[in-house]
Each structure stands twice: as structure tokens, then as C-alpha cells.
Amino acid sequence: MINKLPNGPSHPAWWQLICWIQDSFSYLKECAKSYGDVFTLRIKGVPPLVVIGHPLGVKEVLSQEPNKFDVGRSNYIVRPLVGDNSLVLCDGKRHQQERKMLMPPFHRQNIQSYAKFICEIANQVADRWQEGQKIIARKVMREITLEVILQVVFGISQGERYYKIKPLIGEMLDEIDSPLRSSFLFLKFLQRDWGTWIPWGKFKYCQTQIYKLLQDEINERRSLPLEKGCDILSLMMSARDEAGESMNDAELKDQLMTLLLAGHDSTATMLSWAFYEILKHPTVLEKLREELDFSKNLAPLEIAKLPYLNAVCQEVLRLHPIGSIIFPRITKTPMEIMGHYFEAETWLILSVYLVHHKKELYLEPEKFKPERFLEKKYSPYEYFPFGGGNRKCLGVALADLEMKLVLASIISKFELTLASKKSVKPQRRGISISPTGGIPLIFQRQRKIFSNKSLD
Ligand code: HEM
């Protein structure tokens, strides 16, 4: 067989890099129009990337044995954010072991214990808003999701260390919060510490402070009698691998940083898109409120099972995936995917954006229509906002619960409107893609009257 990579744009590699950083959604769409479901991008600084934008190709990749691909080494771009020992950078046996150690606290049944806490945090944050106040959805959602992940990871919500770490994480993320600022992740020569007046220096400063606080927390826990808490740090500290070894401090800190970053920014971004779409579509808002009003006496976990609320969240994740692609898969052996033959060391890119916007799968794909998820069940290869296979998002159960409960808590009680009627475009912010401007909202008045209408 001939190892010829599929066709793709012939733009110079530096131009493809700019298009990718600037607006990967539009670039992928443009390429798919010209080259079809499988094409090759040649972006400066990375090996050729074979983009796959068809559910068949997604299935052929994600249903293979995990040992057929390396994934961690393709994520090198996030190394400066999460450190060398992060789960997202591991492969093979090490990845399998670390994931096994980190997974239990994120299982659906363990996450459920956070339901009440998530509602409380959402209410506390919303209670601070003043009548007529303009709030930026992404900023306030980040406040909520950061608080939740800190509680899940450390089991604390008080104390000096906690109050120091919260703003530092926000400041650190702000340093990569625009296409220009995030360039240093893609361009290694910008990763020089010339002091805190340039983004990389400020970013490094915040990161060092956070690592110090994490080390203090670890030292304090080590000095206390071994008490089995159910927070993730306690579980990580007591976990042992097959050889009976525990994680060293460097490993603990990198995994903590990974969970803190992966665990709050993406959920906050999805919540911001959710507010945008719900408030832009009054019929969706009305239907959602009807469902929530009817179920107002249910326990949080029951609320999280409501069908329309579920459909709304699924549609938000379809229309606005957190990135245009999931983690790249690097083939370790030759293989055939969608009739194309690939040698070992080929970088395969599954585009969640292209698949989620395929008109053969989703009628009027650019429209926000939660009903489509009530009418049809999509396969994990047609709909995969959390990726799949052995790298599927570790926090899927937490993110799902959080999105539903934060939306339900706020939408059912408060009146919010979009501050602008203009449509909002996605923009690269660090490694994820989120709404330009963060979605400004106006907090109008407290919703006092709950209807008791039946859903029938
Ligand atoms: C709505 C919010 C979220 C979205 C859309 C999301 C999406 C994703 C995606 C697409 C991947 C890559 C999967 C793949 O390539 O197959 C991923 C990986 C990951 N996510 Fe999330 N995520 C979210 C929230 C969270 C939360 C709350 C956590 C909690 C800690 C988390 C932790 C992780 C970790 C650790 C990985 C790496 C898994 C591995 O390499 O084995 N994510 N996520």
C-alpha cells in the first residue's frame, strides 16, 4: 500500500499556524469544504496532521485497542501549564496506572455527593449580584466552577491557602486568555522569563506561587496522622501503584494542577455558552423554566435527570465544543482508516467540531435546537464532546452534574438578559475556545413567581 497522506491546503505552514490559532473552527470548515472528510494540515512546528471529520473515521480510531496509539506526547503544548508528570502527558502503562488512581473520586456515584454543594455555591455567587448589574457570564461561572473543583480536589473551602490559590489561578489563566497571549504556548521562543511585565513572566510567577501553596498543603497533610479523607488529594496521597510506590511531591503537584485547570475552565466556558443560547432563545428559556418550576421540590440529583435540561446541555456541548479537536492520536503501528493507509507515527486528529456540525447528522447544524436530543439518540462517534476511548474526559460526570445544577439554580430563580443582541463568536482563549467577550449579561430582577403548571 502507498503511504500518501490525504490532500489538504497548500498554504505555507506558518499561515496554517496563524489560521489555526486565530480561528480553527472556520479553518477546518473551509478545508473540509475543499478536501472532504479526511485531509492533511501542515502547521508550522508540528508533524502533518490528518484531520478526520466523519463518524466512521471516529469509530475506527476510538474503538481500537488503546495501545495502538500514543496520545500524551501529542499534548506537549500544555506541558508549560500542567508540568511534566501530568496525566494528559502520559502514555501506555503509566497513563493506565495514573488514570486508575485518579478515576475513583470522579465516578458518578462519588460525584453525586457534591450535588448540594454545587447548588449552594451557585446560589451564593448569584446572591452577590445587584439589581441591574452587568455581569460577565464566563467570569462568574469561573468563580463557581473553581470553587467546586477546589472542594472536590482538596475538600476545603476555608483557610488562608484557599483564599490565596483562588485568585492566583484566575490570574494565571488571564495571562493566556486571548489568541495573542496564548501564542506563547504554540511558539516556544516566546517562553522566556523576561519578568512579570510580559505574559509568560507573569504566567510563570503565578504558577510558581500556586506550586508553593500546593507544596504547603502536601507538607501539612504529610505531617498529620494518616486520615482517609474522600477528597482527591487524600486519595492521591494514599494511593499505591503495583510496586507499592506512592506518588512523589512533584507528581502530586502536577496532577493537582491538571485537575484544577482541566476541572474548571472548560465547565465555566460551557456554562457561559449555555446562558447565551438559552437567553437568546425565549422559547427554550420558557420550556426549561416550565420543567424546572414543575420539579422545584425535587432533590438536586433528580433535577439533574430532567429530560429537557439534559437536552439543552447536550445541545450546548454539540454546538460549542470546547475545542475543534480532541487529543491527537499518534499511530504506533501501520493502520487503515476510512480507506486511507497510514504508517506508524501518523498524527490523527478527530474533529469534534466537524462531526458535530455535519448536516447529514444534525439538521440545520448551526441552529440551537435542544429538541434534536429528545428525538434521537446519537452514537458516541457522532456525538463526543468529552472525547472517547481510554482518554475520555476524566471529569465528564462532574461537568455534566455541574452544568445542569448551576443552570437550574440560576435560571429557575433569577431574571437575566443578554446585554447585547449581537451574535457572539468563538475565540481561542489559551488552549480552549470560548465566547468572545465572555457573554455580558444584565441581572434584572429576582424571579419571584413560580408557576405550577403541569408539563403536559
Ligand atoms: C464541560 C466541561 C468539559 C469538557 C467539554 C471536557 C472535554 C474534554 C475532552 C474533549 C478531553 C479529551 C478526551 C479525548 O481526547 O478523548 C478531556 C480530557 C480530560 N478532562 Fe475534561 N472536559 C470537561 C470538564 C472536565 C472536568 C470537570 C475535569 C475534572 C477534573 C476534567 C478533566 C479532564 C482530564 C484529567 C482529561 C485527560 C484524560 C486523559 O488524558 O486520560 N475535564 N476533557
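By convention here, the first residue in the shown sequence is residue 1. Whatever order the structure lists them in is the order used to number ligands and atoms, beginning at 1. Model, not experiment: these values are computed from the prediction.
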Ligand 1 contact on Arg99 by region, counting heavy-atom pairs under 4.0 Å: side chain
Nearest non-hydrogen protein atom, atom 37 (C) of ligand 1: Val88 CG1, 3.5 Å
Any side-chain heavy-atom pair of Val82 and Asp254 under 4.5 Å: no
Aromatic plane relationship, Trp129 with Phe443 - under 30° parallel, 30 to 60° tilted, over 60° perpendicular: perpendicular
Nearest-option assignment for atom 23 (C) of ligand 1, heavy atoms, candidates Gly72, Ser266, Ser74: Ser266
Under 4.0 Å to a heavy atom of Ala399 - the qualifying atoms of ligand 1, by number: 1 (C), 2 (C), 24 (C)
Sidechain N-carboxylate O distance under 4.0 Å for Arg329, Glu60: no
Parallel, tilted or perpendicular: rings of Tyr35 and Phe39 (30°, 60°): tilted
Non-hydrogen atom of Phe384 closer than 4.0 Å to ligand 1: no
Close approach of Arg329 to ligand 1, heavy atoms, under 4.0 angstrom: yes
Any Pro385 heavy atom less than 4.0 Å to ligand 1: yes
Heteroatom proximity flag, Thr258 to ligand 1, N/O under 3.5 Å: no
Enclosure of Lys59 NZ (heavy-atom neighbours >12, cutoff 6.0 Å): no
Ligand 1 to Gly388 polar contact by distance, N or O atoms, under 3.5 Å: yes
Atom 29 (C) of ligand 1: the protein heavy-atom neighbour that sits closest, reported with distance to 0.1 Å: Gly263 CA, 3.5 Å
Mutual orientation of the aromatic rings belonging to Tyr378 and Tyr383 [parallel < 30°, tilted 30-60°, perpendicular > 60°]: tilted
Nearest candidate to atom 19 (C) of ligand 1, where distance is taken over non-hydrogen atoms, out of Cys393, Ala268, Gly389, Gly387: Cys393
Enclosure of Glu65 CD (heavy-atom neighbours >12, cutoff 6.0 Å): no
His95 heavy atom under 4.0 Å from ligand 1: yes
Protein heavy atom at shortest distance from atom 36 (C) of ligand 1: Leu394 N, 4.1 Å
Lys93, NZ atom: more than 12 neighbouring heavy atoms under 6.0 Å: no
Salt-bridge contact Glu143-Lys166 (side-chain N to carboxylate O under 4.0 Å): no
Salt-bridge criterion met for Glu315 and Arg318 (N-O under 4.0 Å): yes
Identity and separation of the nearest protein heavy atom to atom 32 (C) of ligand 1: Ala262 CB, 3.6 Å
Proximal atoms of ligand 1 relative to Phe106 (non-hydrogen, under 4.0 Å): 29 (C), 30 (C)
Close side-chain approach of Pro307 and Leu374, heavy atoms under 4.5 Å: yes
Which residue and heavy atom of the protein sit nearest atom 13 (C) of ligand 1, plus the separation: Arg391 O, 3.2 Å
Part of Met270 within contact of ligand 1 (heavy atoms, under 4.0 Å): side chain
Identity and separation of the nearest protein heavy atom to atom 3 (C) of ligand 1: Phe386 CE2, 3.5 Å
